[in-house]
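Below is one structure, written out as C-alpha cells; the observations come after it.
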Amino acid sequence: MMNADDPDQKPALAAHDEAQAGAPAIVDVLAPLALDMVWSYLAPPDLALAAGDIVRIPFGSREAIGVVWAVHPPGATVGGRKLKTVSGRYDVPSLPDGLRTLLDWIARYTLAPRGQVLRLALRHPEKLPPEAPRVAVAATGRLPARLTPARRRALAALDGHDAMSRKGLAVAAGVSLAVINGLIDDGSLETRVLPDTPAPAPDPEFAPAALSDGQAGAAASLRAAVADGQFGVTLIEGVTGSGKTEVFFEAIAEALRQGRQALVMMPEIALTAQFLDRFAARFGVRPAEWHSGVSPRQRERIHAGAASGEIQVVTGARSALFLPFSKLGLIVVDEEHEAAYKQEDGVHYHARDMAVVRGRIERCHVALASATPSIESRVNAMRGRYGHLRLPERFGQRAMPRLSAIDLRKQAPPKGRWLSAPLVEAARETLARDEQALFYLNRRGYAPLTLCRSCGHRFQCPNCSASLVEHRFRRALICHHCGHAERRPDACPACGEVDALVPAGPGVERLAEEVAALFPGVPAITLSSDLAGGSERMRKELDAVAAGDFRIIIGTQLVAKGHNFPRLTLVGVVDADVGLATGDPRGAERTFQMLQQVTGRAGRGDAPGRAILQTHQPEHPVMTALLSGQSERFYAEEIAAREAAGLAPFGRLAAIIVAGPDRQATEAHAQALARAAHAAPNASGDLVVLGPAEAPLAIVRGMHRFRLLIKSARNTDLQGFLRAVLAATSAPAARIRVTVDVDPQSFF
DNA sequence: AGCACGCCGACT
DNA sequence: GTCGGCGTGCTC
C-alpha cells in the first residue's frame with residue numbers, strides 16, 4: 001500500500017521532461033474518489049502532461065493521486081481562480097484513450113461518480129523495489145580457498161553448463177543458496193546479468209486443433225469477424241463438449257496474427273486452471289492471468305505489458321476489463337450467462353455488457369460464449385444485433401444424457417420423503433452397475449421452513465422476513481438472505497408448546513438422511529457451501545468424488561459446474577421446481593440454465609447418462625424445453641412471457657431516480673416515472689434509487705414485484721427507507737436484491 | 001473518499 | 001477546564 005505521508009514510499013516521479021515555453025498548461029485531473037468532478041491544475045513547466053497520465057496533486061490538506069482527464073488548449077484560463085500545480089507524474093503506463101472513454105461511459109451508465117469508476121482501472125502505482133535483475137552464475141575456474149563437500153558438489157553440478165541461475169544450481173547440487181553465495185564471495189563463481197528475455201509469446205500456429213465441419217465453419221466465421229477489425233458481437237452457443245473453446249481459440253489466433261491483443265473473461269478464477277492448460281496446448285504458452293489473487297509485482301507487469309502490447313493475451317475475472325490494453329483485437333466472455341459477471345457493490349456493472357461497450361470503443365470483436373445464454377444475449381442474437389453461432393453436437397465426447405420427468409403429482413414419494421420410487425429404482429440400477437448417482441437439490445440446510453405444529457408459527461428472519469432455514473449440523477436457524485443465525489429453541493416462541501416444532505420440506509442435509517436410510521452402507525457425500533474446511537477441503541472431496549470414493553453425491557448448485565465426475569451416469573433432480581415460483585423475474589431463466597448444466601453432467605465416455613427431473617409441473621416451459629432438448633422453445637416462450645409482463649426481455653431496469661441536489665428536477669423525473677409505472681401496473685423490474693427516499697415511494701407503489709438497487713446518499717436512513725418501501729408494496733423483503741443490468745446497447 | 005472544522009457530552 | 005464523538009462541508 002502506498003502511504004502518502006511517508007516520504008520513503010513516494011514513487012519515482014518523472015522530473016525532466018521537455019520544458020514548454022509560455023504560460024503553464026492547464027490540465028483537468030480526475031481523482032479516484034467518490035466524486036464526479038475533475039479539478040483543474042497547472043502543469044509544472046518541465047512536465048509535458050498528456051491525457052491519461054497518472055499524476056500526484058495537492059488536494060485540500062493532503063496529496064492525492066489522479067489521472068489527467070483533459071488538457072486545456074494553450075492560453076486557456078479557468079474561472080480566474082488561482083490554481084495549484086501538479087506535483088509530478090508517476091512513471092507508470094498512462095490510461096489509454098479507449099479505457100478513459102469506457103470509464104466515462106460506465107460512470108454515465110451506472111450513475112456512479114466518475115472518480116469511483118476510475119478506481120476500477122487504477123491500481124495504486126506502488127513503489128515496488130526495483131525488479132532484481134535475473135542473474136546467473138558461471139565458474140571462474142578458480143578453486144575456493146576451502147573446498148568443502150557442499151562446495152565441491154555445487155561446482156560439479158555446474159560442470160558442463162555455461163551458466164545456471166543461483167537457485168537452479170542450488171537445487172541441482174542439493175545445497176543451500178548460502179553455499180552458492182559463499183562461492184561467489186570466494187571468487188570461484190561469477191555472476192552474470194542475463195538479458196531481460198521477454199516472456200514467450202503465444203503462437204497462433206502452435207497446435208491448431210482438428211475441428212469438426214460445424215466447428216470449422218463457426219471458427220471461420222469468427223475469424224473473419226476478428227480479421228475485419230471492426231466492432232461486432234457474436235454469441236457462440238453450444239453445450240459442454242461442443243467445442244466452444246476450440247472455436248474461440250481460432251478467433252484469438254486470428255487476433256494474434258493481426259498483431260492485436262485478446263482478453264478472455266471468465267466468471268470465476270476457480271475454473272481457470274484447466275483453461276490455462278488448454279490454452280497452453282493450443283498456443284504453446286499460458287496466457288497472462290489477472291484476478292484478485294495475483295501478486296502486486298505480477299499485476300504491475302501485466303499492467304505494463306497490456307499497455308505496451310507486449311502481453312498479447314490476458315485471461316481474468318471481470319476486473320481484467322479495465323486493463324490498459326493498447327491494441328485490443330478481441331474480447332471473449334466465457335460463460336456469458338453467469339451471474340458472477342455482475343458486480344453488486346461499489347460501481348454496479350455487468351462485466352459482460354461492459355465488455356461489449358469496450359469492444360465498441362476499441363473497435364474490436366466481442367465473442368460471448370455459453371451453453372445456456374442469457375435471455376438478453378439471445379434476444380440480441382434473434383434481433384440480428386449479435387451474430388449467432390451454434391455448435392449443436394458434442395464432438396468426440398460423451399453423448400447427451402437421456403432426460404425424463406417424474407410427475408410428482410402422480411408418483412409422490414411417501415410422506416416425509418423426497419425421492420420417488422422410480423428415481424430410487426434408477427439409482428439402484430446405477431449403483432448396481434458400479435456407477436455414480438447425483439441427487440441434486442438446490443437447498444442448503446436441513447429444512448427450508450420450520451413450523452409449530454400447535455399454533456402454525458413460522459420462523460422468520462427479524463431483518464428480512466425470509467424463512468429461517470434449519471441447519472441441523474450447525475444446530476441453528478439461519479437466514480440465507482442476510483446471514484442472521486439463531487439457536488433452534490425447544491419450545492415454540494409464539495405459543496410456548498414444547499416439542500411442537502417441525503421441519504417442513506427438504507434441504508440437502510435432510511435428503512442425506514433419506515439416502516442413508518434407502519442405501520445403507522453405500523458411501524455418500526453431501527456437497528454444499530456449508531461444507532466445513534473451506535475451499536481446500538472442498539477440492540479434496542471433489543477429487544475423492546472424481547476418483548470414485550463416493551457412490552452417491554447429494555449436492556446443491558455447487559456441483560453443477562467445474563469438476564468432471566467420470567463415473568457419474570445418473571443425475572436425479574429432486575425438485576426441479578425450486579426457483580420457479582419465487583417471484584424473481586429471472587427465475588425460469590436461471591432454473592433452465594442450472595438444470596441444463598447439472599443434467600448435462602450425467603454420462604461418460606462409452607455411454608450416455610440419464611437425468612431424471614422430479615417436478616410438479618412437467619408442462620412448464622422449462623421442463624418441456626429440457627425434456628425435448630429444444631432450448632429454442634424455452635427462449636421463445638420466455639421472451640414472449642416477459643413481453644406480456646411489460647418487461648423488456650433484455651433488461652429489468654424499471655426506473656432510475658436521481659435524487660441529486662436539484663430537487664425540482666428530481667421530483668419531475670420521479671413523477672414521470674411514477675406515471676409510467678402506473679400505466680403498467682404489473683411492471684416489475686429493477687429500481688435504481690439514488691439519494692433521499694421520498695420520491696421513489698411514488699413509483700414503488702405502482703409496482704408489484706421488483707428488485708431494488710439503492711445507491712444511498714450519505715446519511716440516508718436506509719433501514720427506514722426499506723421499511724417505507726415494504727409498507728408501500730406487496731413485495732416480500734426477501735425479494736429485494738441489489739442489482740442492475742440493462743442491455744447497454746439500448747443506451748447507444 | 002478523506003480530512004478539517006465545529007459543536008455538544010463525560011473524563012484526566 | 002479539555003478529549004473526542006460524528007454531522008457538515010470542501011477539496012482546483
Side-chain angles (χ1 to χ4, degrees), chain A residues 1-7 9-11 13 20 22-90 95 100 103-104 106-108 110-126 319 322 343-349 658-663 666 690-694 709-721 738:
Chain A
M1 273 297 284
M2 188 169 75
N3 180 352
D5 298 320
D6 182 352
Q9 288 285 317
K10 282 206 180 157
L13 300 175
Q20 275 195 321
I26 295 175
V27 294
D28 287 344
V29 176
L30 181 65
L33 310 173
L35 293 168
D36 198 57
M37 58 197 304
V38 292
W39 311 86
S40 298
Y41 286 85
L42 297 173
D46 57 344
L47 264 188
L49 290 176
D53 285 351
I54 298 173
V55 294
R56 285 193 74 76
I57 46 170
F59 195 70
S61 59
R62 69 211 146 105
E63 285 243 298
I65 190 171
V67 176
V68 176
W69 220 245
V71 179
H72 287 270
T77 53
V78 174
R81 235 170 177 287
K82 48 184 192 307
L83 300 181
K84 293 186 178 176
T85 302
V86 168
S87 322
R89 182 173 64 197
Y90 286 96
L95 300 196
R100 295 200 317 282
L103 296 173
D104 275 335
I106 291 177
R108 244 170 32 93
T110 64
L111 304 170
R114 281 186 294 174
Q116 201 184 351
V117 179
L118 176 61
R119 295 175 138 228
L120 299 172
L122 211 62
R123 308 261 95 78
H124 287 279
E126 297 163 276
S319 59
F322 300 102
Q343 169 128 72
E344 309 226 27
D345 46 52
V347 182
H348 297 244
Y349 66 92
V658 185
D662 184 347
R663 196 135 207 119
T666 300
L690 291 159
E694 313 83 54
L709 167 68
I710 300 173
K711 294 191 169 190
S712 161
R714 191 154 56 145
N715 297 329
T716 297
D717 174 9
L718 263 187
Q719 291 286 334
F721 175 59
V738 179

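Protein chains get the first letters and strands the later ones, always in sequence-line order, with residue 1 at the start of each.
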Task: d(CG, Leu118(A); C1', dA1(B)) in whole Å - done: 12 Å
Task: Whole angstrom value for the distance that separates C1' of dC12(C) from CG of Leu30(A) - done: 13 Å
TODO: Would you mind reading off the distance between Ile57(A) atom CD1 and dT11(C) atom P, rounded to a whole angstrom?
DONE: 13 Å
Open item on the list: Counting the atoms with a prime plus P, OP1 and OP2 as sugar-phosphate, which does Leu35(A) contact under 4.0 Å by heavy atoms, base, sugar-phosphate, or nothing?
Closed with: base
- [ ] Select base, sugar-phosphate, or nothing to describe what Phe59(A) touches, counting heavy atoms under 4.0 Å on all strands.
- [x] base
Open item on the list: Determine whether the aromatic ring centres of residues Phe322(A) and Tyr349(A) are separated by less than 6.0 angstrom.
Closed with: yes
- [ ] Please state how far atom CZ in Arg56(A) lies from atom P in dT11(C), giving the value in whole angstrom units.
- [x] 20 Å
Open item on the list: Just the rounded figure in Å: distance from P of dC12(C) to CH2 of Trp69(A).
Closed with: 19 Å
TODO: Report yes or no: does Arg89(A) contribute a side-chain atom to a donor-acceptor pair with the main-chain N or O of Ala48(A) at less than 3.5 Å?
DONE: yes
Task: Interatomic distance where CD1 belongs to Ile65(A) and P belongs to dG2(B) [whole Å] - done: 12 Å
TODO: Taking side-chain contact (heavy atoms from CB on, under 4.5 Å) as the test, write out the residues that go with Val71(A), two or more places apart.
DONE: Val27(A), Val68(A)
- [ ] List for me each residue that meets side-chain contact (heavy atoms from CB on, under 4.5 Å) alongside Thr85(A), sequence neighbours excluded, and say none if there are none.
- [x] Leu42(A), Pro44(A)
Task: d(CG, Leu83(A); C1', dT11(C)) in whole Å - done: 13 Å
TODO: Kindly point out which of dG2(B), dC12(C), dC3(B) is positioned nearest to the side chain of Ser61(A)?
DONE: dC3(B)
TODO: Starting at atom CE of Met37(A), determine the distance to atom P of dC10(C), rounded to an integer number of angstrom.
DONE: 11 Å
